[in-house]
Amino acid sequence: MSEENRASLNFIEQIIEEDLKSGKHNGRVLTRFPPEPNGYLHIGHAKAICINFETAKKYGGTTNLRFDDTNPTTEDTEYVDNIQQDIKWLGFNWNEEPLYASDYFEQLYGYAVKLIRKGLAYVDDSTPEQIAELKGTPSVPGTDSANKSRSIDENLDLFARMRAGEFPDGSKVLRANIDMTSPNMLMRDPIIYRIKKEHHHRTGNQWCIYPMYDFAHGQSDSIEGITHSLCSLEFIHHRPVYDWFIEKLEIFPSRQIEFARMNVEYMITSKRKLLKLVNDNYVSGWNDPRMPTISGMRKRGYPAAAIRTFCDKAGVAKRENTIEINLLEACVREELNKTALRVMVVMDPIKVVINNYPEGQTEILKGENNPEDPAAGDRDITFSREIYIEREDFMEVAPTKYYRMTLNADVRLKHAYILHCTHADKDEHGEITTIYADYYPNSKSGEDVSGIKPKGTLHWVSAADSIPAEVRLYDRLFSVPDPTGDDNVDFLEYYNKESLTIVNNARAESTLSVALPGTQYQFLRQGYFCIDEESTQEHLVINKTVGLKESFSKEVKKA
RNA sequence: UGACUCAUGGUGUAAUCGGCAACACAGCAGAUUUUGGUUCUGUUAUUCUAGGUUCGAGUCCUAGUGAGUCAACCA
């Protein structure tokens, strides 16, 4: 038994447990989530958020939210607010107030001066082209800039004057003095400060020089006492740089650990490409329910708990991976099956008149709100002579495996009676206009003594008592699992034009007239849906979250 | 033509550090069902290649192959 309880650890947890065992940092664990405030958070960020917050929590530690705001050109407060909202919605809380790399600008400046004093940094006047030229290539070593031999005093003076705003943008940079021949391109005297006379969203016009990522991220980790700095694999080449600065600056030794970022079928996470989708109106915005953004998934109706479960089940390792979209959907269904209230909505209504049900009569039937949760209680459903059923739930002549309504056959109405279809009216095109059926008065749901056992059960709504609704059906944004996988094909070629279908004439059970925006439902036999944030009592707007598992369509394919 | 990282069913992740390759999702078959949902049962399918060490290798060693990453005054 005790052996079964031994949960397997991912490689990050193994590292942390070793650290704990050796007494490193006195058993303290502090992680961080470091978004740059220049875009919206997406599924890949959700993964990083889960790893950072949940790993720390598991070992009694906490997590800092730190905005990596060292590039005033692209960053904005708007993103700062949205990012915080998304993280909170996902269910995580960071330590106290959010932190900002920009809060450390003065300290970072001091670090740079310290480096210069040690002869480990120099001011370079080379143009960007010259710097690139001298950098070499992965297989050809770089060569030193002529400015590398400047004296410490001269460097100190020049750097101070850079800060003072004496030089125009781009005219000078501060570089670390490491090794132009290193096989690691990032170690070839990386630029650590550049001149940008731009307004910063927090520090305003206080600075005209800004540190580069490599001179801000690791140092910020160190300043905050981050013990385990978890990032994605593409930063692996930065680790020697990260460690070099910590060593030379003699500051707190945070440790960077890289994991493979998560890719998901049919989703893209490139900021540039997502922006293109928004700007060119392929989607309605960053929170379009088809977007892989956290705000998009929220609007779609994916519960935060489902996203967390998904990230957990996807696991953590160091190899390239692409998670099947059906795992995400399985997590969403698993969560919603437990929590979503059941209700009946007809997407494509066709009228059924019950011949032997008295005109003008109605009755109230009871429907359970959630068979998975008895505590969810019952609701009232109005039954009447005229009802709507789904157009696709009727066929005059049906194949053997069709368990729905056909001529001269019985079918159950969920929570109501068994119907026997008698005939149907058609228009001049042969389209069914109205279906007629008899009902068995002794087959009422819960008190059925008819002895009839129909194969199928249909959802339905009362014609008079139902309300109109607009339902937005979403499908995958792209027609292939990996729309960015082929360098020769633009990802927009794979845009799925049918990714959004708007159903304008759906009829919903009247219960939904008081539904609150954001509430999630299961529409019986159809899937999970949620009330859109902009939905009103006058105009009900509903988003499809995900369909139910469908084995009938497979039967059809087989046939 | 350099460096770094990785390689386990269809997908993803494990295998307590050398001891019967497992879990989840997907698939397939069946049972239950007033949702063709849920639930339950069963089942298909896995260690990149070649050597080596060893009583024993997914795990260690060597070589190869394949995939990914790195040359922004972005993060």
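Every chain is numbered from 1, with letters handed out A, B, ... down the list of sequences.
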Should Arg525(A) be listed as having a side-chain N or O under 4.0 Å from OP1 or OP2 of rG37(B)?
-> no

At under 4.0 Å between heavy atoms, what does Gly446(A) touch on the DNA or RNA strands: base, sugar-phosphate, or nothing?
-> base

For Lys271(A), look at atom NZ and say whether over 12 heavy atoms of other residues, nucleotides or ligands are found less than 6.0 Å away.
-> yes

I would like to know whether Arg525(A) and Lys414(A) meet side-chain contact (heavy atoms from CB on, under 4.5 Å); could you show each step before the answer?
-> CA-CA 10 Å; Arg525(A) 302 209 304 136; Lys414(A) 181 73 179 176; over 6 Å; no

Quick one: label Ser126(A) by what it contacts on the DNA or RNA (base, sugar-phosphate, nothing), any heavy atom closer than 4.0 Å.
-> base

Is Asn184(A) touching bases, backbone alone, or none of the nucleic acid, heavy atoms closer than 4.0 Å?
-> nothing

Does a side chain donor of either Tyr40(A) or Glu78(A) reach within less than 3.5 Å of an acceptor in the other side chain?
-> yes

From rA75(B), rA71(B), rU35(B), nucleotide with atom closest to Thr70(A) side chain | rA75(B)

The answer to which of Gln522(A) and Glu265(A) contacts RNA chain B further toward the 5' end, by nearest nucleotide, is Glu265(A)

Side-chain N or O of Lys549(A) closer than 4.0 Å to phosphate OP1/OP2 of rA26(B) | yes

Applying the 3.5 Å cut-off to both distances, the Watson-Crick or G-U partner of rC73(B) turns out to be none

Base of rG37(B) paired with side chain of Arg333(A) (donor-acceptor, under 3.5 Å) | no

Quick one: label Thr74(A) by what it contacts on the DNA or RNA (base, sugar-phosphate, nothing), any heavy atom closer than 4.0 Å.
-> nothing

Taking a pair to mean Watson-Crick or G-U wobble geometry with both distances below 3.5 Å, rA31(B) pairs with rU39(B)

Base, sugar-phosphate, or nothing for Lys338(A), non-hydrogen atoms under 4.0 angstrom?
-> nothing

Assert: residue with more 5' nearest nucleotide on RNA chain B, out of Met185(A) and Gln14(A), is Gln14(A)

Quick one: label Arg188(A) by what it contacts on the DNA or RNA (base, sugar-phosphate, nothing), any heavy atom closer than 4.0 Å.
-> nothing

Describe the nucleic acid contact of Leu524(A) in one word from base, sugar-phosphate, nothing, applying a heavy-atom distance below 4.0 Å.
-> base

Should the pair Arg202(A) and Phe105(A) be classed as cation-pi, given the thresholds of under 6.0 Å to the six-membered ring centre and 45° from the axis?
-> no

C1' gap between rG9(B) and rU5(B), integer Å = 24 Å

Might you confirm whether atom CZ of Arg150(A) has over 12 heavy atoms from other residues, nucleotides or ligands at distances under 6.0 Å?
-> yes

Just call it for Lys196(A): base, sugar-phosphate, or nothing, with non-hydrogen atoms closer than 4.0 Å on any strand.
-> sugar-phosphate

Check step by step if side-chain contact (heavy atoms from CB on, under 4.5 Å) holds for Leu328(A) and Ile323(A).
-> CA-CA 8 Å; Leu328(A) 210 205; Ile323(A) 314 295; over 6 Å; no

Mate of rU65(B) where both pairing distances stay under 3.5 Å, Watson-Crick or G-U | rA7(B)

Donor/acceptor link under 3.5 angstrom from Thr457(A) side chain onto base of rU34(B) = no

Mind checking His415(A) for me? I need base, sugar-phosphate or nothing, with any heavy atom below 4.0 Å counting as a touch.
-> base

Remember a base hit wins even if backbone is also touched, and classify Lys414(A) as base, sugar-phosphate or nothing at under 4.0 Å, heavy atoms.
-> base

Is there a Watson-Crick or G-U wobble partner for rG18(B) with both distances under 3.5 Å, and if so, which one is it?
-> none

Across the strands shown, which category fits Pro371(A) at heavy-atom distances under 4.0 angstrom: base, sugar-phosphate, nothing?
-> base

Is there a side-chain polar atom (N or O) of Ser551(A) under 4.0 Å from OP1 or OP2 of rG37(B)?
-> yes

Checking all strands, does Glu372(A) fall into the base, sugar-phosphate, or nothing category for heavy-atom contacts under 4.0 angstrom?
-> base

Checking only heavy atoms, does the side chain of Ser445(A) share a donor-acceptor pair with the base of rU34(B) at less than 3.5 Å?
-> yes

How far does the C1' atom of rA31(B) sit from the matching atom of rC25(B), given to the nearest Å?
-> 22 Å

So, does the side chain of His238(A) form a donor-acceptor pair with the base of rA75(B) at under 3.5 Å?
-> yes

Any cation-pi pair here, Lys196(A) with Tyr210(A), using under 6.0 Å and within 45°?
-> no

Could you check which of rC25(B), rA71(B), rA3(B) has an atom nearest any side-chain atom of Pro183(A)?
-> rA3(B)

Determine the contact category for Tyr417(A): base if any of its heavy atoms lies under 4.0 Å from a base atom, sugar-phosphate if only primed atoms, P, OP1 or OP2 are that close, otherwise nothing.
-> nothing

Which part of the nucleic acid does Met262(A) contact within heavy-atom distance under 4.0 Å: base, sugar-phosphate only, or nothing?
-> nothing

For Arg194(A) and rC74(B), is the shortest distance between a side-chain N/O and OP1 or OP2 below 4.0 Å?
-> yes

